[in-house]
2 protein chains.
Amino acid sequence: MANVVRGPSMHDVAARAGVSHQTVSRVLNGFAGIRPGTRDRVLAAIADLGYRRNVAARSLATGRSQAVGVLIPNTPDFGPTSSFYAVERALRDAGLQALSTTTSNDAESVDEALDFLFGRSIEALVLMAPTRAVLDVADARASDVPVAYLLTGGERAPWSVSVDQGQGVRLAIDHLVAHGHTRIQHITGPADATEAQLRKNAFVAETMRLGLSRLPMIEGDWSAQSGFDAGSHVDPSATAVFCGNDQMALGLIHALGLRGVGVPRQLSVIGFDDIPEAAHMMPPLTTIRQDFRRVGALAVDVLVAALAGEDLPDTTPLPAELIVRESVAGPGA
Amino acid sequence: MANVVRGPSMHDVAARAGVSHQTVSRVLNGFAGIRPGTRDRVLAAIADLGYRRNVAARSLATGRSQAVGVLIPNTPDFGPTSSFYAVERALRDAGLQALSTTTSNDAESVDEALDFLFGRSIEALVLMAPTRAVLDVADARASDVPVAYLLTGGERAPWSVSVDQGQGVRLAIDHLVAHGHTRIQHITGPADATEAQLRKNAFVAETMRLGLSRLPMIEGDWSAQSGFDAGSHVDPSATAVFCGNDQMALGLIHALGLRGVGVPRQLSVIGFDDIPEAAHMMPPLTTIRQDFRRVGALAVDVLVAALAGEDLPDTTPLPAELIVRESVAGPGA
DNA sequence: CTCCAGAGTGTTTGCGTTCACACTACGGTG
DNA sequence: CACCGTAGTGTGAACGCAAACACTCTGGAG
């Protein structure tokens, strides 16, 4: 305590401006009813002294932290990262502080991360929960603050913000079908990932609805490497593959190339996400775009509304968008 | 203030345990000289009440925030993101709180971000400064806290943590030369990016040292799209291209493919960074790997040492590593 | 001229914690 | 047996701010 340099306090500012510290507080908080001359003197004193309000004292006095926790999966993937950046920005714009922490998907790690966040008395939480395990851990602790869910694909509505996975999948399948494909195989994301399951379920539902052949699914883990590995398990009779994300599509196309299978000449491939690299893969990848930034911003809107006691904004899942490039052609074209 | 629910305080715990609040504090802070029985009673009371220490009050009393700011460029690229996650993790492991905020590279945005961070009275700062502009803004404000620099490529030593850009570039050039290339062209990162300039300078130095042909440089902006655009400006006499990063290499290879130029048959390409997708590009990309996570962790080590008043750890730039794949062959192979 | 309303400002208290210091009880020493 | 050191614990103040309340002017109505 002794060796810590403390900056000027309100009292110092007040002394210099010849007013009371309360007046300084009022100026700072934009209260009405301050004589312009007084306000100017206070402002000048603040500038002179380089005064900054002490956040700790403020939050102790008010009992509010102005902090919102953000739990981020520790994989530097384009989607979650984009959403996170959007969340951070929106939070700051709303005058809130983002308290972010990364975590792996195991229960212990999540629990520890939540301990950290709740320990800093966050007022709300953005939970990026790619797996049910993460969701379960979070559910296990009664949270007295509002929580917005990301990456859960609509689960926990209306508190979840998402892109409509089912609609995105249908966009993909219908595009393949429009090109004449009936034997479509699916490389899924990891079994524990909520969005992977949603895409898988939607894939099954849509192929059944359209009466398409049912080919075995191949499970990947989102990584390009797993897409590559999946390449050796592609059904010989398949004419198109719907990949759970773009990275796996990249790996798959690599593997196919090694086996002399041309995309899209011999096999069509469609991805999901539309990462920036998708446009420059060989061939450029036809895929389903998700607006990650918008999703992140909307999550903050939800929390801000909740904190203000207002009605929540509309959180029906946002539409995905088909991006047509060159990895899809007719079967046997 | 009235409508805010406040949790139990030290006094509540003390009352329940039949001790003074000071004893509770001592137990919490792990002071020696507490009778085991007393400690147990306090611990039990804490558990019963679900007591959590109030961070605001603590930091007001100590004058320390335990918070370390992290300034992140708002581009969700693999490298910075990986480093950021490593920083966040290391900070938490060190008992510090990461206060992260993203920013674009313009002065105003950076200034605003720094306002935010310093306004929360951070004790140290991890500055991810990809451009000189960011560095300049940060320099303009006298910071009384230690700052660790990332992405500056060794500038601001010993406070900067980086991968040795020069050595990485030499690795790349030497690899190309070993394959018989003498006409190597360079696609640079954006002119304002520090690391881009370092790579460029190292490229010039190394090609001169080896007496290689001097071909015009092409400026990109790190994006795959800019690499693609660069494709139409590749010198016809070049036999190899050294790309400032992997994404640009991806775009370049795409553009070359469109013009019927095979990689590496007709032109060799080498990247930089080794993003996870590099292994599955067509062809798999030979590139220079940077250990982003290690760099992030080391930045925290620097700050922790500085805060503890200890000697700084060794921050000589870390070595880059050549990853040989298939995008490099002999000229006219 | 007195009174009152209200604009503008000051005073006091409390937020939950740590720090500095004070106190108590107990055992050993001279 | 008085004394002192020390282990264990308590007391009061301070941290910087916001909230509640109290005060002092000024000008206009009566």
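Letters A, B, ... mirror the listed sequences (proteins, then strands); counts begin at 1.
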Q) Once you round it to whole Å, what is the distance between C1' of D:dC15 and NE2 of A:His11? A) 11 Å
(Q) Please report the distance, rounded to the nearest Å, between CZ in A:Arg58 and C1' in D:dA19. (A) 13 Å
Q | Listed nucleotide nearest any side-chain atom of B:Ser20, set C:dT17, D:dT11, C:dG10 | A | D:dT11
Q) Any luck finding a side-chain donor-acceptor pair between B:Thr101 and A:Glu88 under 3.5 Å? A) yes
Q) In whole angstrom, what separates B:Arg64's CZ from D:dG16's P? A) 16 Å
Q.
Rounded to whole Å, please give me the gap between CG in B:Leu60 and P in C:dC15.
A. 14 Å
Q | Nucleic acid contacts - residues 22-44 of chain B versus DNA chain C, non-hydrogen atoms under 4.0 Å | A | B:Gln22, B:Ser25, B:Asn29
Q. Would you say the side chains of A:Asn54 and B:Arg120 form a donor-acceptor pair under 3.5 Å?
A. no
Q.
Rounded to the nearest 0.5 Å, what separates atom CG in B:Asp48 from atom CZ in B:Arg41?
A. 13.0 Å
Q) Hey, is the side chain of A:Arg53 poking within less than 4.0 Å of OP1 or OP2 on D:dA18, counting only N and O atoms? A) yes
Q: Please step through salt bridge (Lys or Arg N to Asp or Glu O under 4.0 Å) for the pair A:Asp115 and B:Arg52, ending with a clear verdict.
A: CA-CA 10 Å; A:Asp115 271 344; B:Arg52 314 193 90 102; 3.7 Å; yes
Q. Counting only N and O atoms by type, is there a donor-acceptor contact under 3.5 Å from the side chain of A:Ser160 to the main-chain atoms of A:Glu155?
A. yes
Q. In whole Å, what is the span from the OH atom of A:Tyr51 to the C1' atom of D:dG16?
A. 7 Å
Q: Return the 5'-most residue of the pair B:Ala57, B:Val19 with respect to DNA chain D, ranking by each residue's nearest nucleotide.
A: B:Val19
Q: Quantify the bending of the helix from C:dC1-D:dG30 to C:dG30-D:dC1 as the angle between its end axes, each fitted on five pairs, to 10°.
A: 70°
Q) Which whole-number value in Å describes the distance from A:Met10 CE to C:dT11 P? A) 16 Å
Q | Minimum-distance nucleotide to B:Ser9 side chain [options: C:dG10, C:dT18, C:dG16] | A | C:dG16
Q: Round to the nearest Å and state the distance from B:Gln66 atom CD to C:dT18 atom P.
A: 11 Å
(Q) I need the CG-C1' distance between A:Asn54 and D:dA14, as an integer number of Å. (A) 13 Å
Q.
Under a 3.5 Å distance rule, please check whether B:Thr103 uses its side chain to pair with a backbone N or O of B:Ala113 as donor and acceptor.
A. no
Q. For the side chain of A:His21 and the base of C:dT12, is some donor closer than 3.5 Å to an acceptor across the two?
A. yes
Q: Enter the distance from B:Leu99:CG to B:Leu71:CG here, rounded to the nearest 0.5 Å.
A: 11.5 Å
**Q.** Side-chain H-bond candidate by donor/acceptor type, A:Asn29 with A:Arg58, under 3.5 Å
**A.** yes
Q: With salt bridge (Lys or Arg N to Asp or Glu O under 4.0 Å) as the test, would you mind laying out the steps for A:Asp40 and A:Arg35 before giving the verdict?
A: CA-CA 9 Å; A:Asp40 291 345; A:Arg35 217 188 301 275; over 6 Å; no
**Q.** Of A:Ala56 and B:Gly18, the one whose closest DNA chain D nucleotide lies more 5'
**A.** B:Gly18
